[in-house]
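Read the structure below first, then the notes.
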2 protein chains.
Amino acid sequence: MVTADTPSALPDSADDAHLKEHTLECRELIKGHFLHAFRDTVRLPDGREATREYVRHPGAVMIIAQLDDGRLVLERQYRYPVQAVMVEFPAGKLDAGEGSLACAQRELLEETGYSASRWARAGVMHPVISYSTEFIDIWFARELSAGERQLDAGEFLDVFTASPAELLQWCGDGRVTDGKTLTGALWLQNVLSGAWVLDWQDSAGADTVR
Amino acid sequence: MVTADTPSALPDSADDAHLKEHTLECRELIKGHFLHAFRDTVRLPDGREATREYVRHPGAVMIIAQLDDGRLVLERQYRYPVQAVMVEFPAGKLDAGEGSLACAQRELLEETGYSASRWARAGVMHPVISYSTEFIDIWFARELSAGERQLDAGEFLDVFTASPAELLQWCGDGRVTDGKTLTGALWLQNVLSGAWVLDWQDSAGADTVR
């Protein structure tokens, strides 16, 4: 309940002891081909114990790549868990030891054939904070050069382009429901309006970033 | 690679045979206290076989609740998998057999103490299409009445309010990274600008919806 003394701005995080949970035990639940899941025992803020089950994930990147005419490089890919072909920004998982920008450059090239001369890291999102450690670094890419894509074995996806206005329309009418792509659309809308400002770098500087 | 004949609008989904995967076998991987995971064998578009591992999820709702002065009802909650206190819109999982609006009304009341007279379903998002069946129905709520919240045992979260401008600033500066909340911010921004239009209903009609 919000009362007269309910905080009305983002509260200071210095004193979150009444919210934090502390690990008592960490146990592997399953190590599959892809899913690596754990069940931890935690101490709750009130001193009682509970279990937390979650997927451990290496992290990922998403790329919002714009052609010189402003059009976006998008993909259509069948996603088995939701049994549908989804419209998405290009994205992929970090390889072991791989930097975020290097991963973004690799995934954009592999999935779409594009290389980009200019890159900007917008921010990070956590797609499923209740049961996965996954984060997705959000990258913008410009000054694109087309080449040949190099899909992994067993990877099937279509590449196409759309204007920002088309993408935003599809986000509003339900044709785009992928969470990371909706987050990318929020970034795109605010960057294009000038509300949010990106810090662009040349791709030559890639190795020095994260 | 995008070439002269690359589709430049959302392609027709009538012929996605070159993308679709077909289930050959479905096997339970683990049934935990919370995580229910499967490993399916699928036939790929090229006829070969592969496995797909994913979490089966009952679905969830998120509520974008606005007070009469326009401020938003938000939460701060510790999320164990990402080891951080996250700023979020209220949200929760569907109970067995529960309708989407009934769930939204229940979760808003339990977590924040608020009831709402006016509801509008904005759309749906899929937070993690690569390894979960989860969907989140996105609801807007207005004409709020404050009451007492009823947290579940073992649930700890702070309720606070913020203006839409504050929330959008936090999305841009990295203080909000929860994927569902970023998607909610996209909806909020476009509803407030008038670009996306909601279909409001009285809460009395709740039982007739989904």
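Quick note on labels: first sequence line is chain A, next is B, and so on, each numbered from 1. What you see below is based on every heavy atom in this structure, not just the backbone, and it leaves out hydrogens, waters and symmetry mates.
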### Task
Among B:Leu186, B:Ile129, B:Val82, single out the residue with the greatest number of heavy-atom pairs under 4.5 Å to chain A.
B:Ile129
### Message
I need the residue from B:Arg79, B:Glu134, B:Met125 with the largest number of non-hydrogen atom pairs under 4.5 Å to chain A.
### Response
B:Arg79
### Query
For B:Asp158 and A:His18, what are the C-alpha separation, side-chain angles and deciding distance, and is it a side-chain contact (heavy atoms from CB on, under 4.5 Å)?
CA-CA 9 Å; B:Asp158 286 349; A:His18 64 297; 2.7 Å; yes
### Summary
d(B:Thr177 OG1, A:Ile136 CD1) to nearest 0.5 Å is 11.0 Å
### Query
Highest number of heavy-atom pairs under 4.5 Å with chain A: which of B:Ser132, B:Gly154, B:Pro127, B:Gly174?
B:Ser132
### Query
Do B:Asp16 and A:Arg76 come close enough that some side-chain heavy atom pair is under 4.5 Å?
yes
### Query
B:Leu74 versus chain A, heavy atoms under 4.5 Å apart: side chain, backbone, both or neither?
neither
### Task
Quick one: sort the A:Tyr131 and B:His57 rings into parallel, tilted or perpendicular, breaks at 30° and 60°.
parallel
### Task
Please determine, among B:Ala50, B:Ser130, B:Gly123, the option with the most heavy-atom pairs under 4.5 Å with chain A.
B:Ser130
### Task
Mind ranking A:Leu35, A:Thr183, A:Ile138 by heavy-atom pairs under 4.5 Å with chain B and telling me who comes out on top?
A:Leu35
### Query
Could you state the interatomic distance from CD1 (A:Ile30) to CD1 (B:Ile30), rounded to the nearest 0.5 Å?
5.0 Å
#### Entry: Among the listed options B:Ala153, B:Ala195, B:Gly172, B:Ala37, the residue most often paired with chain A at heavy-atom distances under 4.5 Å
B:Gly172
### Query
Is it the case that more than 12 heavy atoms not belonging to A:Asp46 sit under 6.0 Å from its CG atom?
yes
### Task
Would you mind checking which part of B:Thr181 comes under 4.5 Å of any heavy atom in chain A, side chain (CB onward), backbone (N, CA, C, O), both or neither?
neither
### Query
Could you give the distance from OG (B:Ser193) to CD (A:Gln189), rounded to the nearest 0.5 Å?
6.5 Å
### Summary
chain B shares the most heavy-atom pairs under 4.5 Å, among A:Leu157, A:Leu44, A:Leu167, A:Asp173, with A:Leu44
### Message
For A:Asp199, I'd like to know if atom CG has over 12 heavy atoms of other residues, nucleotides or ligands within 6.0 Å.
### Response
no
### Task
Report yes if the side chains of A:Cys171 and B:Trp196 come closer than 4.5 Å at any heavy-atom pair, otherwise no.
yes
### Query
Any donor-acceptor pair under 3.5 Å linking the side chain of B:Glu53 with the backbone of A:His33?
yes
### Which of B:Phe34, B:Tyr54, B:Tyr80, B:Phe38 touches chain A most, by non-hydrogen pairs under 4.5 Å
B:Tyr80
### Message
Is A:Asp178 close to chain B through its backbone or its side chain, or both, or neither, when contacts mean heavy atoms under 4.5 Å?
### Response
both
### Task
Against chain B, work out which of A:Met86, A:Arg48, A:Glu88, A:His126 has the most heavy-atom pairs shorter than 4.5 Å and name it.
A:His126
### Query
What part of B:Glu21 gets closer than 4.5 Å to chain A, counting heavy atoms only: side chain, backbone, both or neither?
both
## Note on the structure
So CD of A:Gln83 and NE2 of B:His22: to nearest 0.5 Å the spacing works out to 9.5 Å
